[in-house]
Amino acid sequence: MPQKHEEMMELAKRRGFIWPSFEIYGGVAGFYDFGPLGALLKNKIIQKWREYYVIKEGFFEIDSPNVMPEEVLKASGHVNHFVDAMVECQKCGAAFRVVDLSREQTGKDIEGMPKEEMNQFVKKHRVRCPNCSGELGKIFDFNAMFRTAIGPGSQRVGYLRPETAQGIFIDFKRLQRHARGKLPFGVVQIGKGYRNEISPRQGIIRLREFTMAEAEVFFDPDDSHHPKFSELAGEQLRLWLAGDQQHGKEKLTEVMAGEAVKQKLVCNELMAYYLALTKRFLLDLGIPGEAIRFREQTPGQRAHYSSETWDAEVSTERFGWVEVAGLAYRTDYDLSRHAQFSKEDLTIFSAGKNKKVICHVVEPSYGIDRPLYCMLEHSYVSEKKRKYLRLKKEFAPIEVGVFPLLNRDRMPEKAREVHEALRAGGLMAEYDDSGSIGRRYARADEIGTPYCVTIDHQTLEDDTVTIRNRDDTSQVRVGISGLANTIIDLIRGCS
RNA sequence: GCGGCAGUAGUCUAGCUUGGUUAGGACACGAGCUUGCCAAGCUCGCGGCGCGGGUUCGAAUCCCGCCUGCCGCACCA
């Protein structure tokens, strides 16, 4: 029932999680704003990711520009692979890369040829639609990167970055010095990425500007061990192997991370480790285990820089299996290319081998917006009278609501004091005295607020309040002193 | 991007076929009253025809363009 998606999105829009950008000007497809609650939720996801990669893995976090000069993306291969001359069949409407079609049908490589010559080439060699043999139309540029000009006079071409990773590779020399030359080491970046999608639909799942969190793990190609692999080697992984996909089989292979390496289902220990870590992360967000799988990209699906890629996918009602993270073995592709194009030495000295090597890279790359959608969809509960977000408590944007039972007898004043105390205690607390108490509980439930504190007559007598639980509406009475810590413990303790 | 359908307050919706007073309702929201714990009630209030152009004495209604959304195709390195 896709109705759930509609209801949940209506709620998300109405209550301030996400809404289409630029609405008063009619909107622009592929862009969404995060409202007050959405921004809180998104920041909590990012903070959780930092906990995993920066704190626990000990990776360095950097923050580099969104605008990149053309040279960088030429070296990375994105200029060639992202900006294509396309042609559309006039009969069936299918679109193709001109260069690919020409190579297939004439054996000639016309990469880099000016557009006018390409048009003539296609005409002269009678390149046709491979599907229906229809006649092809005019060649047009398909530019998946947003292009801009750096500085006045449009002298220097720049692009909005299609991934944050390149900012890391470029800084390799300084970063390896920061790591004092020890391998493996990891560097992360959290920020915006941009892709000028042809027709973005699927709401927040396919955005033209999106937030990503990427980690680049640099290692000696002869030593792909992870120092903490034993901690995750027993983690069960559900793999959809490329071979099975190519044979049209839906079969999932259930295997422990350690076994996956031994059986060579996964290329190396680092990759297996981050697959397992990704699973842990998604579970931590509140995504159920049965809604998580790892799909191995088939050779044709892989990006130009990758020799093995796994997509972490989450099952959704509305969009089916959605890729929320991609784990790519980028080999030495990026560092080699940047070394070649920049003429800089991007090798590192390997003490073990007593010589210089070019690092290989395993890259866990996460979208932030997509898991956020998955969390909303998976947490949306619609019961007879009650509709609410059963978000994991630590991710709820508003952590506690504070209500006076009645708007008299000094209850509002007392409630405001409690509200202030909770805020002072570090909690995202919201005060509400409008409407009946039941209505206020419902309002709080709707946005996933896990606890509500109610000030009643008894509070005025003995300084106790009730704490009401979102999930089962049960209430307990506790003392006001130390209330903030009581609630923090509740949020941490339960899920 | 191509084809089909659609767009009315924050949300849902009546009106559109056959152009004609101040575009009606519900929920939500705000103020007040009320209210001893799960969307109760009463009074008052806020708020709308996606944007632009055309036809007409007169357009939410008819026509055109754009934007956005949904469905199908293509695309998603």
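Here is how names work: the chains are called A, B, and so on, in the same order as the sequence lines, proteins then strands, and each is numbered from 1.
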Practice problem: State plainly whether the residues A:Arg318 and A:Glu377 are in salt-bridge range, i.e. N to O under 4.0 Å. | Solution: no
Quiz item: Taking the six-membered ring for Trp, are the ring centroids of A:His5 and A:Tyr380 within less than 6.0 Å of each other?
Solution: no
Exercise. Please check the phosphate of B:rC37 (OP1 and OP2 only) for any side-chain N or O of A:Thr466 closer than 4.0 Å.
Key: no
Quiz item: OP1 or OP2 of B:rG36 less than 4.0 angstrom from a side-chain nitrogen or oxygen of A:Arg408, does that happen here?
Solution: yes
Quiz item: Taking the same atom, P, in B:rG50 and in B:rA23, what whole-Å distance lies between them?
Solution: 15 Å
Quiz item: Across all strands, who's sitting opposite B:rC44 as a Watson-Crick or G-U wobble pair, both distances under 3.5 Å?
Solution: B:rG30
Quiz prompt | Separation of the C1' atoms in B:rU22 and B:rC5, to the nearest angstrom | solution = 34 Å
Self-check item: Whole-Å C1' distance, B:rA40 and B:rG24
Solution: 26 Å
Practice problem: Report yes if at least one side-chain N or O of A:Ser199 is closer than 4.0 Å to OP1 or OP2 of B:rC75; otherwise report no. | Solution: no
Quiz item: When you compare B:rC16 with B:rA6, how far apart are their P atoms, in angstrom units rounded to a whole number?
Solution: 15 Å
Quiz item: Which of the following nucleotides, B:rG36, B:rA39, B:rC37, is nearest to the side chain of A:Asp456?
Solution: B:rC37
Self-check item: Selected nucleotide, minimal atom distance to A:Ala303 side chain, candidates B:rC37, B:rG30, B:rA77
Solution: B:rA77
Self-check item: Any donor-acceptor pair under 3.5 Å from A:Arg206 side chain to A:Pro200 backbone
Solution: no
Quiz prompt | SB check A:Arg477 A:Asp456 (cutoff 4.0 Å) | solution = yes
Quiz prompt | B:rA9 to B:rU61 separation - P atoms, rounded to the nearest Å | solution = 14 Å
Self-check item: Side-chain N,O (A:Arg439) to OP1/OP2 (B:rC29) below 4.0 Å
Solution: yes
Quiz item: Over how many whole Å does the gap from A:Leu11 atom CG to B:rU11 atom P extend?
Solution: 13 Å
Exercise. Between B:rC38, B:rC70, B:rG10, spot the one nearest the side chain of A:Arg201, thanks.
Key: B:rC70
Quiz item: For the side chain of A:Arg206, counting heavy atoms from C-beta on, which of B:rC76, B:rA77, B:rG69 is nearest?
Solution: B:rC76
Quiz item: Looking at B:rA77, B:rC37, B:rC71, which one has an atom nearest to any side-chain atom of A:Tyr441?
Solution: B:rC37
Exercise. Report the nucleotide, chosen from B:rU68, B:rG10, B:rC37, that has the shortest atom-to-atom distance to any side-chain atom of A:Gln475.
Key: B:rC37
Practice problem: In whole angstrom, give me the gap between the C1' atoms of B:rG7 and B:rG48. | Solution: 13 Å
Quiz item: Of all the choices, B:rC38, B:rU35, B:rG3, which nucleotide is nearest to the side chain of A:Asn407 once you look at every atom?
Solution: B:rU35
Quiz item: Are OP1 or OP2 of B:rC29 and a side-chain N or O of A:Arg443 less than 4.0 angstrom apart?
Solution: yes
Self-check item: A:Glu10 side-chain proximity, nearest of B:rG1, B:rU11, B:rC37
Solution: B:rU11
Quiz item: To the nearest Å, how far apart are A:Glu23 CD and B:rA9 P?
Solution: 11 Å
Exercise. Round to a whole Å and report the spacing from CZ of A:Arg440 to C1' of B:rC38.
Key: 11 Å
Quiz item: Planes under 30° and centres closer than 5.5 Å, is that true for A:His457 with the base of B:rG36?
Solution: yes
Quiz item: Counting distance only, does the side-chain N/O of A:Arg470 pair as donor-acceptor with the main-chain N or O of A:Leu391 below 3.5 Å?
Solution: yes
Quiz item: According to the Watson-Crick and G-U wobble definitions, with both distances under 3.5 Å, which nucleotide is paired to B:rC37?
Solution: none
Quiz item: Between B:rG10, B:rU68, B:rC38, which nucleotide gets closest to the side-chain atoms of A:Val28?
Solution: B:rU68
Quiz prompt | Rounded distance in Å between the C1' positions of B:rA31 and B:rC46 | solution = 10 Å
